[in-house]
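What you are looking at is a predicted structure, and each value in this text was computed from that prediction instead of being measured. The analysis underlying the following values was restricted to heavy atoms, covering all of them including side chains, and did not include hydrogens, waters or symmetry mates.
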Amino acid sequence: MNYSSMKKRKLAAALLDRMAPPEGLLLLFLAVIIGGATGLAAVFFIRLIDFIQDGSYSTFFSLFPDYRILAFVCIPVAGSLVAGPIIAWFAAEAKGHGVPEVMQALVQEGGRIRPRVAIAKIFASALCIGTGGSAGREGPIVQVGSALGSSVGQVLRLSDERIKNLVSCGAAAGIAATFNAPIAGVAFAIEVLMTELQVRTFGNVVIAAVSASIVSQMFLGDNPAFSVPSYSMQSPLAIFLYLLLGLTASLVAIMFIRMLGWFEVKFDRWRCPALLKPAVGAGLLGLLGIGYILLKKMAPEQTGASSMSSVFVSQLPAFYGSGFAFIEESLRCNITLVFLFLLIFLKPLATSFTLGSGNSGGVFAPSLFIGAMLGGSMGKLFSEWVPDIAGPPGAYALVGMAAVFAAAARAPFTALLIVFEMSNDYAMILPLMTATVTASHFAQWLYPDSIYTQKLTRRGIRFVQGRDMDVMQGVTVNEVMNRNPEVVHKTLPLADLYRRFQETNFLGFPVLDEHNKLWGFVTLQDMERVLSGNVISLRGFTVEDVAVVEPVTVFADEPIWTAIQKMAPRDLARLPVISRDGTGRLVGLISRSNILRAYDVAIVRKQRGQMLGDDVSLRREGDNAFVEYTLLPGDNAVDRTLQSLDLPDTINVVSVERAGMIIIPKGSTSFAVGDTITVFGHRDAMERVREVFSCRSTADRD
């Protein structure tokens, strides 16, 4: 980061502090700005793709009319030779389909994404898709919108939670602008990116999606992505055919996920300069494209080309680019069964060549393409076998789009809405609901990773509800449990138990027997069930009459992840912790709030471990150091928040240790006497840090 950018950030943050606008109004205003900017970026991106596509292929066709078939190899390779250096030298995060990088930033970086990612992603993806790369345009725009949201939050020095919200706003705006589908954009942000749904954050995401849609409609028009006939179920029995389509879609989606993952691993392990790998993938794509063109010449009647957007698009292999024109052909039943069936396998292979080799693009559109081909082929078969029940094949192509994406992304709500908004046809809502939910759940049962999380899993990040669950293996129950929980005995009268609930505001108590060993567990819900059973008097009833006997327990030395797994099946809010000596002795209680604190501790440990793992190279460079400061009475930082301190941008406050507990510092964190603050950063800035804190360092690990 250069000096001028640092100065701009400080000026923007200072201006915000001076104005002190209401929280809701500020985020609402920022959501509008981010949505509008993402909409403009989407318009520029879409038109840039069209310009590159028409310009590159028309130029080649006019210069070499007798060698047109070579264009399907030469142009993708040329585009990749330009895009490869952009990704390798300018922003490595632009590699692949982008959404996993956004998810990782949300999980591990507090939503912080480098601004340059937006620029690199637009141009690298436009070069890839415009020259024929088999990828979608939605992933790049999601990453671009997320980078814009993150950049705004960083410039204004907002808290991590607000930056994450702005990242979600940018992602929703990207989907809304690309597909003219604002509702689906909001659903995507909620299902795939956001860790939890709150009314205030949800409203910001909605406003961003609306703003992006308005901007894109101003330039691209207010039309659905596809113009398709109006379909409906011909018979109620057809719902079973759509159920079968959903089950098949889950298998096809898993094939796509695993194929893409296999190529990503192979190319990552291949010892070849990173800037050349996309060109190799483009070469393989070109050979596949030439084979398809030769096959197409043998069966020219395979498409009516009624909706092809340009003469050059009609001459491209079906799996080149995002493939929207060919999706529409399948929805209109203009593609023969043989080609529909072949494209179920050719499109995943082409996308794996493109994105697996490190080129830039999205997987949203390829998933829709594969689903349309699968649904169209199955629809043709159903129409032949049971014409009185099945209905037109195009209806199955429409539902297949949603089913395959739902299974690949594990986002059935997004899939349902995206197809509904792109087709503007409500009559197919029941088949869409059936197929998407079936496909998503069956795929989750067969293969736990989605197309967005499998790359994160390989990096050691298990993304569950917006959190990295693998870090939870490093924190034990003993570290965060309540060591002195409130308990009750099984002989306690219910009237006294009712009084305990009122006095403590607790929602549950471990129940001990006469030997003070764990006997059961009683919750407020257990008590309410008794009160709702028309019980006139609690006299004569004891805890033993309502408590759950032999509750689910956890040991103190087990990792937090084990406790989460035990809580999940019955959605338990707390677990008794017992000793391993077999006596059943209660040693503590762990609740959801304890688990959230454990997650924060684990993240700090992981970050510190990563930095310490690099300590050898850092020491070799001699420019960075870990320094710990302990605050004494009268020090400058005492009773002040982190965001109020004028700290250099070249340092990072890693953690605060207070009374034996590790605290993750945020902008609103207030420092106290006795706090031990761990700082990592450039050595030259440490003297300035010492002046800001006005304290002496207790350890300098250099």
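Checking each of Ile451, Val363, Thr453 against Ile257 for a side-chain contact (heavy atoms from CB on, under 4.5 Å) leaves exactly one that passes, namely Ile451. When each of Val167, Val192, Ile175, Thr38 is paired with Val142, the side-chain contact (heavy atoms from CB on, under 4.5 Å) condition holds for Ile175 and for no other.
Closest non-hydrogen pair, Val215 versus Val43, comes out as O-CG2, 4.4 Å. For the pair Ile163 and Gly111, the tightest heavy-atom approach, listed with the atom from each and the gap, is CG2-O, 3.5 Å. Contact record, Ala172 with Ala189: CB-CB, 3.9 Å, taken as the closest heavy-atom pair. Taking both residues in full, the closest heavy atoms of Thr436 and Ala415 are given as CG2-CB, 4.1 Å, listed atom of the first, atom of the second, then distance.
In this structure, the ring of Phe324 has its center less than 6.0 angstrom from the ring center of Phe179.
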Fill in: Stepwise salt bridge (Lys or Arg N to Asp or Glu O under 4.0 Å) test for Lys95 and Glu101
CA-CA 9 Å; Lys95 172 185 176 183; Glu101 283 68 31; over 6 Å; no
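Both cation-pi conditions hold for Arg116 and Phe90: the charged atom is under 6.0 angstrom from the six-membered ring centre and inside a 45 degree cone around its axis. Geometrically, Lys347 engages Phe369 in a cation-pi contact defined by less than 6.0 Å to the ring centre and at most 45° from the axis.
Heavy atoms from other residues, nucleotides or ligands lying under 6.0 Å from CE of Met259 number more than 12. When the shell of 6.0 Å around CZ of Phe267 is examined, it contains more than 12 heavy atoms from other residues, nucleotides or ligands. Around atom CZ of Arg114, more than 12 heavy atoms belonging to other residues, nucleotides or ligands sit under 6.0 Å away.
Residues satisfying the side chain to side chain donor-acceptor pair (under 3.5 Å) criterion with Gln143, sequence neighbours excluded, are Lys121.
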